[in-house]
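Right, one structure below, let's go through it.
Residue numbering restarts at 1 for every chain, and letters A, B, ... go by the order of the sequence lines. Side-chain atoms are counted along with the backbone in the values below, which use heavy atoms only and exclude waters and symmetry mates. Because the structure is a prediction, the values reported are computed rather than measured.
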Amino acid sequence: MRLNFSRRRFSQLLIASTVLSSLEELSPRIMKKALAETKDKQSGAVSSPHAYDLSINVNGKQHKLKIDSRVTLLDFLRENLNLTGTKKGCDLGQCGACTVHVNGRRIKSCLTLAVMHDGDQVTSIEGIASGDDLHPMQEAFIKHDGFQCGFCTPGQIMSAVALLKEPCGASDDDVRECMSGNLCRCGAYPNILAAIQEVRKGGKH
Amino acid sequence: MSTKPQGGNSVVGKPIDRVDGKLKVTGQAKYSADISLPNMAYAAVVQSTISAGKITAIDTAEAEKVAGVLAVLTHQNAPRLKKSDNDQNNVPILQDNIIRFAGQNIAVVVADTFEIATHAADLVKVTYAPSKSPNTNPDPLSNTLFEQMQKSPGQSRGDFVAGMKNAAVKIEATYTTPTETHNPMEPFATVAHWEGDKLTVYETTQGVFPSKKSISEMAGIPANNITVITHFLGGGFGCKLSVWSHAIMAVLAAKQVKRPVKLVLKRTQMYGPVGFRPKTFQQITLGATKQGKLTAMKHLSVNETSLFRQFTEYCTEPTNVMYACPNVTTAIKQAAINIGSPTWMRAPGDAPGSFALESAMDELAYALGIDPIELRVKNFADKDPESGKPWSSNSLLECYKVGAQRFGWAKRSPAIKSMKRGKMQVGLGVAAATHPTYRSEAGAIASISSDGTATIKSGTQDIGTGTYTIMAQVAADILGLPINKIKVELGDTRFPQTPLSGGSQTAASVGSAVTAAAKKLLDALFDLAIGDEKSPLQKSEKKDLEFRNGVLTKKGSKSSEKIGDLLKRNNMPKLEVTAKSTPPKDDKYAKRSFGVQFAEVEVEPDLGRVHVTRMLGAYAAGKILNEKTARSQMLGGMIWGMGMTLFEETLMDHKLGRIVNNDFAEYHIPVHADMPSFDVIFIPEEDPHVNPVGAKGVGELAINGAAAAIANAIYHATGKRLRHIPITLDQLF
Ligand code: FES
Ligand code: FES
């Protein structure tokens with residue numbers, strides 16, 4: 001995890017500009033936030049933390065916006081960008097359903113704030129296929145029925161894809177160990193293992 | 001018309017890939033919490049931190065001051081609701097100041113964003129007057145209840161006392177199973193959307209229709225005004241069979257703020273107010289002849305429950321039906337304490353009940369010096385011992401045979417502590433499994449359009465078991481179409497009525513409805529052609545007609561017509577029928593699935609660590625509609641059995657009456673690293689009596705007996721008979 005905390009940003013966080021540049025991409029949520037803060041000033045109510053500049057690349061697309069500093073990377077993807085493929089299973093870093101890649105490495109997106117990823121490249125489950133061509137890992141999950149309900153699946157696949165580039169040993173037990181941060185209550189584990197090992201052996205990635 | 005596929009290329013039974021697989025691997029499958037509506041607000045609930053007492057003050061001022069907060073609902077300002085007679089799960093929702101369990105939902109905050117709602121929920125100040133004597137420990141109560149049951153046993157067949165007199169060998173033991181929490185990976189979520197007086201609820205439910213009824217009764221909204229939608233469910237395992245208080249709070253909140261509201265429970269908020277498997281205490285007495293014939297069985301069970309719902313965990317069910325014993329007595333009582341309501345959890349009653357029964361059978365086998373499989377075979381029930389009815393089919397004996405062979409049971413040396421692998425103590429265990437086959441009335445719409453694509457619509461929801469896929473397979477076979485020409489739409493109360501997805505009944509119930517609808521569609525199609533003067537098939541005999549790959553043909557003739565031509569000529573963009581399938585009332589047969597679970601463990605002698613190294617299940621569950629998805633369900637069930645035996649336990653701090661391990665870091669479910677190697681065998685069964693699709697349901701069978709098989713293997717490895725699960729290091733050390 002990297003924390004890009006420049007002085008300027010920090011003071012922004014404190015002063016909190018509610019002036020929003022028209023050039024910036026605004027989600028409806030940020031608009032609401034801005035309105036809320038205007039109301040805030042008028043009423044003199046207790047102030048919530050403020051909007052914060054964020055420039056982030058998600059699945060190859062650059063986004064520039066202001067965001068509440070409390071928004072996790074997971075909620076940013078889900079609620080601001082409507083990329084709901086990434087799931088929230090616990091919001092505590094305990095289940096792996098929210099796994100995404102940040103600058104090529106897998107992380108649990110519920111454990112990190114969106115504002116900590118200024119300038120980062122994020123890949124979510126929506127970003128690993130090329131058009132209609134599924135990633136080999138996605139194909140293998142379908143073939144081996146590496147899921148039932150499918151809720152843990154985006155996280156499992158993102159972990160599995162990252163694992164391909166990690167120094168994870170060759171054996172089934174090695175893979176099980178490397179994948180143990182991703183829980184599956186349906187118990188698709190044996191099929192997930194089969195899918196991963198097939199892709200690793202096939203070398204098609 | 002037969003149910004045989006018209007084209008001869010049956011897809012039913014084939015291990016085909018899930019039809020919704022692509023949606024799931026690309027993140028496009030929309031679960032309830034993925035729904036986003038314009039102008040949607042977010043809700044967060046506040047839960048009680050005491051287990052019994054009263055709220056004396058609830059101060060929402062600070063929460064309300066936060067910019068972006070739209071409303072805070074508590075018992076002080078929530079709309080008055082009439083308590084629904086059918087809702088036993090919940091205490092009155094935001095109606096009074098009484099606390100009956102820790103984790104009771106006592107307020108809901110609605111705000112512009114999730115972050116604001118969450119923050120503001122933390123600012124709600126609750127002052128309590130805790131009750132002096134909350135009772136959160138069912139243990140002492142269970143002793144009293146057992147005494148009562150011993151005096152006046154409940155359900156019986158034959159004469160237990162006489163049966164015991166004829167017994168040469170007796171086993172008597174008490175088994176306990178813990179409180180367990182379902183923990184589907186998908187947290188509960190409700191998105192409530194009012195448009196005038198019409199309400200749409202995107203709900204995490206295993207039953208859109210029962211949810212609609214419950215929401216109507218609980219929130220006082222006419223059922224006709226409610227639509228419930230669940231396109232995808234991230235697992236339920238029983239806890240999502242009911243509507244719980246938070247869903248009603250979301251509905252009320254949305255009405256209040258006049259915006260759509262999304263409410264998602266936190267993982268930590270799902271221990272208590274949304275059900276769990278209750279802790280059970282079970283006493284089993286078995287009597288048998290020297291040869292191993294059971295002469296008498298008694299099974300008494302106590303389960304914890306809440307103060308407001310008499311929930312029964314039917315642990316004695318397997319004992320009533322599993323073996324051919326003439327004298328059987330069973331009884332169940334509940335110990336009511338200050339906890340949330342328990343509910344059904346994967347194989348309710350059967351999973352904990354089979355742990356006790358199948359452990360006791362293993363004890364009996366050792367006491368008699370008979371092989372555990374042989375003992376079970378000797379007591380095989382060749383008809384339903386309860387009703388005396390014949391089984392619609394029962395391949396249990398085949399399961400023992402094939403399973404034992406594949407598992408290498410013959411290589412097991414019978415004595416305890418007699419097998420080693422390096423330093424490890426090795427043990428092999430076995431247990432039998434059974435599950436009732438349920439079926440309810442269900443409906444489906446089948447239609448076909450001029451491009452030759454068929455659509456099936458049915459209210460039922462796919463809870464992860466593969467309903468989308470197997471319904472497509474059933475329809476494809478009957479309509480003679482390739483599976484990619486079948487579209488299946490589910491999970492919506494605007495479609496025909498279906499039962500909840502519980503009791504492993506969906507394949508049988510909805511499968512029968514889809515069968516009926518598809519056949520009716522075919523019938524209507526033939527009628528159309530026969531009555532159409534311009535059709536080359538006009539005036540044909542219906543029995544001579546066939547429909548395959550979108551073309552109608554007549555046996556023994558060259559006449560044929562494409563579906564598109566027939567429909568277009570009749571100015572019909574599509575042909576659509578609705579059908580219903582109702583199970584017969586008086587059934588001549590007893591219907592159950594059966595199976596045998598095998599487990600191998602290695603136990604570290606120095607540390608007492610248990611490694612399950614192999615699990616094998618041999619199952620007979622009627623026709624397996626899709627071998628791939630069914631196998632996945634069996635694997636899941638066995639893994640659940642493993643979690644139940646070794647890890648899972650919801651722990652209560654009896655002083656505070658609060659659950660202490662309310663997240664995945666502390667409540668352990670099996671993970672990748674725990675996995676042994678698995679083998680799943682389906683014994684082929686053609687059962688013409690069970691239901692029109694011939695399927696018996698598989699989801700719950702696979703957990704039954706699994707815990708006993710592992711515990712029995714641990715006994716074989718170590719000589720330690722452990723009657724309390726989860727079996728942890730301290731018990732083995
Ligand atoms: S949601 Fe992030 S680890 Fe569970
Ligand atoms: S597929 Fe359901 S949790 Fe993994």
Side-chain angles (χ1 to χ4, degrees), chain A residues 28-29 32-33 36-37 39-40 43 45-48 68 70-71 75 78-79 82-92 94-95 97 124-126 129 134 138 141-143 145 147-154 157 173 175-177 179-180 182-193, chain B residues 17-18 20-31 33-34 36 38-39 62 65-68 112-116 119 183-187 232-235 237 264 266-268 463-466 628-629 631-633 635-640 663-665 669-673 675 677-678:
Chain A
R29 207 156 161 246
K32 271 182 277 162
K33 180 80 179 87
E37 285 181 353
K39 188 181 90 192
D40 188 24
S43 69
V46 179
S47 186
S48 59
D68 186 326
R70 295 167 298 182
V71 177
D75 286 318
R78 289 180 52 80
E79 304 294 338
N82 203 19
L83 292 172
T84 54
T86 308
K87 301 298 183 217
K88 187 189 283 189
C90 68
D91 221 8
L92 295 166
Q94 298 167 347
C95 78
S124 72
I125 188 71
E126 290 90 349
L134 295 182
Q138 292 171 309
F141 266 64
I142 295 177
K143 177 175 161 201
D145 208 34
F147 45 80
Q148 288 187 55
C149 77
F151 197 82
C152 72
T153 311
I157 292 176
D173 273 345
V175 175
R176 289 186 180 116
E177 191 63 36
M179 288 297 293
S180 278
N182 288 84
L183 307 187
C184 173
R185 188 52 157 165
C186 296
Y189 300 125
N191 297 348
I192 294 170
L193 175 73
Chain B
D17 295 343
R18 269 169 218 264
D20 51 348
K22 190 166 177 189
L23 290 177
K24 285 181 173 173
V25 300
T26 54
Q28 300 307 313
K30 288 273 180 205
Y31 299 78
D34 300 341
S36 181
N39 202 28
E62 218 180 311
K65 265 190 256 165
V66 177
D112 282 330
T113 69
F114 166 72
E115 292 73 24
I116 298 173
H119 170 59
N183 276 308
M185 286 312 299
E186 176 198 37
F232 288 94
L233 190 76
F237 312 110
V264 184
K266 293 188 203 177
R267 176 63 50 186
T268 50
I463 62 171
T465 49
K628 188 178 272 194
T629 57
R631 179 176 176 275
S632 295
Q633 283 204 70
L635 291 172
M638 290 156 97
I639 292 168
W640 267 64
D663 61 35
F664 282 131
I669 65 169
V671 303
H672 278 285
M675 290 304 110
S677 76
F678 289 97

Next on the checklist: Under a 3.5 Å distance rule, please check whether A/R185 uses its side chain to pair with a backbone N or O of B/I669 as donor and acceptor.
Outcome noted: no
Item to check | A/F151 backbone acceptor or donor facing B/E186 side chain under 3.5 Å | outcome: no
Heavy-atom pairs under 4.5 Å with chain A: which of [options] has the most?
options	result
B/Q633, B/M638, B/R631	B/Q633
B/R18, B/K30, B/Q28	B/R18
B/G466, B/S36, B/A29, B/P670	B/P670
B/H672, B/K22, B/M675, B/R267	B/H672
B/F232, B/F237, B/F664	B/F664

Checklist outcome for this item: Of the listed A/G85, A/G187, A/S180, the one with the largest count of heavy-atom pairs under 4.5 Å with chain B is A/S180
Checklist entry - For the candidates A/N191, A/D173, A/V175, which exhibits the highest count of non-hydrogen atom pairs separated by less than 4.5 Å from chain B? => result A/N191
Select one option (side chain, backbone, both, neither) describing which atoms of [X] are under 4.5 Å from chain B's heavy atoms.
X	value
A/I192	side chain
A/C184	backbone
A/I142	both
A/L183	both

Checklist entry - With a 4.5 Å heavy-atom cut-off, do A/K88 and B/P187 have their side chains touching? => result no
Checklist entry - Of all residues at least two apart in sequence or in a different chain, which pass the ring pair (Phe, Tyr, Trp, His ring centres under 6.0 Å) check with B/F678? => result none
Item to check | Any side-chain donor near an acceptor of the partner, A/D145 and B/S632, under 3.5 Å | outcome: yes
Next on the checklist: Taking the basic N atoms (NZ, or NE/NH1/NH2) and the acidic carboxylate oxygens, is any pair closer than 4.0 Å for A/R78 and B/D34?
Outcome noted: yes
Item to check | Salt-bridge criterion met for A/R70 and A/D75 (N-O under 4.0 Å) | outcome: no
Item to check | Residues which pass side-chain contact (heavy atoms from CB on, under 4.5 Å) with B/K266, listed by chain and number, not counting sequence neighbours | outcome: B/T118, B/T268, B/Q269
